[in-house]
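First comes the structure, then the notes that go with it.
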Amino acid sequence: MSPLPSVVSLFREMRILGIPINEFMLNILINNYCLMHRVDCAFSLLPIHLKSGIPLNVVTFTTLRELFAENKVTDAVVLFKKLVREKILEPNEVMYGTVMNGLSKRGHTEKTLSLLHLMEQGSTKPDTFKYNIVIDALCKDRNLDAAINLLNEMKQKNIPPDRVTYNSLIDGLCKLGLWEKFKTLFSEMVNLNIYPNVNTFNILIDGLCKEGKVEDAEEGMKCRVGKGVEPDIITYNAIMDGYCLRGQVDRARRIFDIMIDKCIEPDIISYNVLINGYGKKKKVAKAMQLLGEISQRGSKPNTVTYNTILQGLFVVGRIGDAKRVYAEMLSRGPVPNSSTHRTLLKGYFRYGLVEVYFRYGLVEEAMSLFNKLKINREDTDIELYNVVINGLCKNGKLDEAQSVFENLSLIGLPPDVRTYNTMITGFCIQGLLDEAKSMLRKMEKNRCLPNNVTYNVFVQGFLKWSKFSEMRTFMKEMADRGFSFDASTAGFLLNVVRENPSVLDMIPELHSKNNY
DNA sequence: TTAGGGTTAG
């Protein structure tokens, strides 16, 4: 119970009084530091364990789960391996569960899977829970084949899959639109006497909504009423989002009102969904009005709410309002996150080119925010850099973009495929095709595989600067690698050919019915 | 007396 710091002072007092420390006390203290988000302090207690001859136990380690919360996955894994390898402790169910969950939630599916297999060799055998963690992670990675293989492995080893196992798999299948496989799995589940619940139902509703089949979803919801599975706030939110995705924010609003009539209190996600819907339809006044209503209804806007509002304001170019909303956020709102910063930077750069008319100095504004983030060490996200590099390129500041790019290796943040694509686009816009090509070589050297976007950017660059013979050579390599023109390149190409039909003679491949 | 866990909505 709060206040937590008093635990620390109590502990100090006990030490001064010479009261002997035992493992329980140390674990409580470590746990307390973790609750205060002071993993560093918690970690620094480990030597006391050793000095006082108090053995580290599995509880000590599990208490350090905060390591995962603070994204210190490497530290956590190093410690885990050390403890196991040096036989300092034998992991139990709880310890495996903590580590696997920590790893899987941070995208380390491979490591989670290998722990599952490690467990099989030891004395603590994996149970349904452990399998479910891995199956869900595989589904989230869209690796449904591997997930279904694990389901079969469970059956072979007589570890019974349960409703959660099937719900994870159904969600994975729905998100990929694999409806036939869903039907098979659904009947398999029912045959095993595992019955769908409101979660299964919501997963399905959401799957339909994401496919644009919102009426089907709504119909499905109405059918179930009074038949055991009642729609809940998640059902309504999913349907509202489905309508918003199709641009039908007014229909979403009607669902919102129906929900209130049924005495289901909208939560912050309901508001965020609607605010996003209004923002996308450029109805910013409505969005702002909803923002005001949130506190009246006893809820509180969160970071996502503000990020969504900011996006909406930038869509209609209300930069002054966006700045005011951000200032409000800093003074009395939720803490901005990396998404807030990306939204702001993207917005400032987007309107950077109109600044000469309005004298906003938006590129400078963006760079000043970026520099603040660097000082606060809040620039650890490659996506943030991608926004800045792209913004500089689009505002004709290729040199600055290049120096930001060069800086990445100094701070040890590896560029991703988008970073390279952005730089290549920047070079192509300026007609610096040799620099673009050398960037392509650099990315391959750094083992970052070019993707379809990379190749399309090059093709557009060659077209823009009328380098047709180079384009021919390049197209061959592109086809060999299994890439093809995207819609944007196709449109670009059509315009070029319309203006200069002889391009078709210079690139005869364009006539052939291959995968271009 | 201390520790963990799985599924759905923004």
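Chain A is the first sequence line, chain B the second, and so forth, proteins listed ahead of strands; every chain is numbered from 1.
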Sugar-phosphate, base or nothing in reach of A/N197, heavy atoms under 4.0 Å: nothing
Sugar-phosphate only, base, or nothing, as touched by A/T98 at under 4.0 Å among non-hydrogen atoms: sugar-phosphate
Rounded distance in Å - CE (A/M25) to P (B/dT2): 14 Å
Any A/K105 side-chain nitrogen or oxygen under 4.0 Å from OP1 or OP2 of B/dG4: no
Sugar-phosphate, base or nothing in reach of A/N302, heavy atoms under 4.0 Å: base
Minimum-distance nucleotide (side-chain atoms of A/E93 versus B/dT8, B/dA9, B/dG4): B/dG4
Carboxylate-amine/guanidinium proximity below 4.0 Å for A/D171 and A/K175: yes
Sugar-phosphate, base or nothing in reach of A/D162, heavy atoms under 4.0 Å: base
Ring centers of A/F370, A/F349 separated by less than 6.0 Å: no
Sugar-phosphate, base or nothing in reach of A/V273, heavy atoms under 4.0 Å: sugar-phosphate
A/K130 with A/D127: basic N within carboxylate O range, under 4.0 Å: yes
Lys/Arg-Asp/Glu bridge criterion (N-O < 4.0 Å) met for A/D321, A/R318: yes
side-chain N/O A/K175 vs B/dT7 OP1/OP2, d < 4.0 Å: no
Closest nucleotide among B/dA9, B/dA3, B/dT7 to the A/R65 side chain: B/dA3
From B/dT7, B/dG5, B/dG4, nucleotide with atom closest to A/K130 side chain: B/dG4
Sugar-phosphate only, base, or nothing, as touched by A/D232 at under 4.0 Å among non-hydrogen atoms: nothing
Sugar-phosphate only, base, or nothing, as touched by A/N199 at under 4.0 Å among non-hydrogen atoms: base
